[in-house]
Amino acid sequence: MASALHSAHTMMKVDPDITKSLLNNSLINSLNNLSLNQSGLPKSSTAAGVLLHSLWSEKNIQSFLKKQGLSKKSFVNDITSAAFKSLQVVD
């Protein structure tokens with residue numbers, strides 16, 4: 001699951017338009033639920049959190065998400081921010 005989410009994250013960066021065609025409330029809810037499941041699937045939980053955070057960080061996608069009626073709190077919250085920061089490389 002974590003590998004699939006990392007692949008989706010890479011795809012999002014390469015072609016945001018394809019990403020927008022795949023996004024819907026059901027997918028976002030599933031990613032949110034997965035990001036909350038830190039004890040059962042820690043790597044998948046982190047990957048889901050990173051993907052959610054990154055979706056909101058991408059301005060083109062963020063605009064699309066807002067038009068779909070989705071709010072920032074679904075994408076940027078304590079859990080997704082911690083997951084995103086855990087993957088940041090510090091020099």
Side-chain angles (χ1 to χ4, degrees):
M1 180 64 81
S3 294
L5 291 168
H6 287 299
S7 294
H9 185 241
T10 300
M11 182 186 75
M12 177 201 80
K13 290 180 178 182
V14 172
D15 195 342
D17 289 330
I18 289 176
T19 303
K20 288 190 282 189
S21 71
L22 300 173
L23 294 174
N24 58 47
N25 286 338
S26 179
L27 177 62
I28 299 304
N29 288 337
S30 294
L31 289 171
N32 272 313
N33 289 337
L34 185 56
S35 73
L36 294 171
N37 189 8
Q38 296 173 332
S39 61
L41 301 166
K43 289 182 181 181
S44 296
S45 173
T46 298
V50 169
L51 180 56
L52 285 166
H53 196 282
S54 296
L55 286 169
W56 195 261
S57 297
E58 199 58 45
K59 296 300 178 191
N60 187 13
I61 295 174
Q62 182 187 116
S63 175
F64 172 79
L65 295 169
K66 285 180 179 179
K67 289 177 184 174
Q68 301 304 311
L70 297 165
S71 67
K72 181 178 181 177
K73 69 179 180 176
S74 296
F75 300 89
V76 179
N77 53 52
D78 292 342
I79 292 171
T80 62
S81 294
F84 189 76
K85 287 177 186 175
S86 75
L87 296 183
Q88 300 301 306
V89 177
V90 178
D91 290 331

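All of these numbers come straight from a predicted model, not from anything done at the bench. In this chain, numbering begins with 1 at the start of the sequence shown.
Side-chain atoms of M11 and I18, non-hydrogen and from C-beta on, do get closer than 4.5 Å to each other. The shortest side-chain heavy-atom distance between E58 and T19 does not fall under the 4.5 Å cut-off.
In terms of heavy atoms, G49 sits closest to S35 at N-CB, 3.9 Å. Of all heavy-atom pairs spanning S54 and H9, the tightest one is OG-NE2, 2.8 Å. A pairwise comparison of heavy atoms in H6 and A47 identifies NE2-CB, 3.9 Å as the closest pair.
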| task | Show your reasoning for whether side chain to side chain contact (heavy atoms under 4.5 Å, CB included) applies to S74 and N32. | result | CA-CA 7 Å; S74 296; N32 272 313; 3.7 Å; yes

| task | I would like to know whether Q68 and L23 meet side chain to side chain contact (heavy atoms under 4.5 Å, CB included); could you show each step before the answer? | result | CA-CA 9 Å; Q68 301 304 311; L23 294 174; over 6 Å; no

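Partner F75 forms a side chain to side chain contact (heavy atoms under 4.5 Å, CB included) with one of L51, T80, L31, L55 and no other, that one being L55. Checked options L34, T46, V50; the residue passing with L5 is L34 (criterion: side chain to side chain contact (heavy atoms under 4.5 Å, CB included)).
Other residues, nucleotides and ligands place more than 12 heavy atoms under 6.0 Å from the CG atom of D15.
Under the 4.5 Å side-chain heavy-atom criterion for ILVMFWY residues, a single connected hydrophobic cluster contains both L27 and L65. Hydrophobic clustering (ILVMFWY, side-chain heavy atoms < 4.5 Å, transitive): F64 and V76 are in one cluster. Residues L41 and I28 share a hydrophobic cluster, clusters being chains of Ile/Leu/Val/Met/Phe/Trp/Tyr side chains in contact below 4.5 Å.
Under the 3.5 Å distance criterion, the side-chain polar atoms of S45 are left unmatched by any main-chain donor or acceptor of P42. For the pair S63 (side chain) and N60 (backbone), a donor-acceptor distance under 3.5 Å is absent. Side chain of Q62 to backbone of W56: a donor-acceptor contact under 3.5 angstrom is found.
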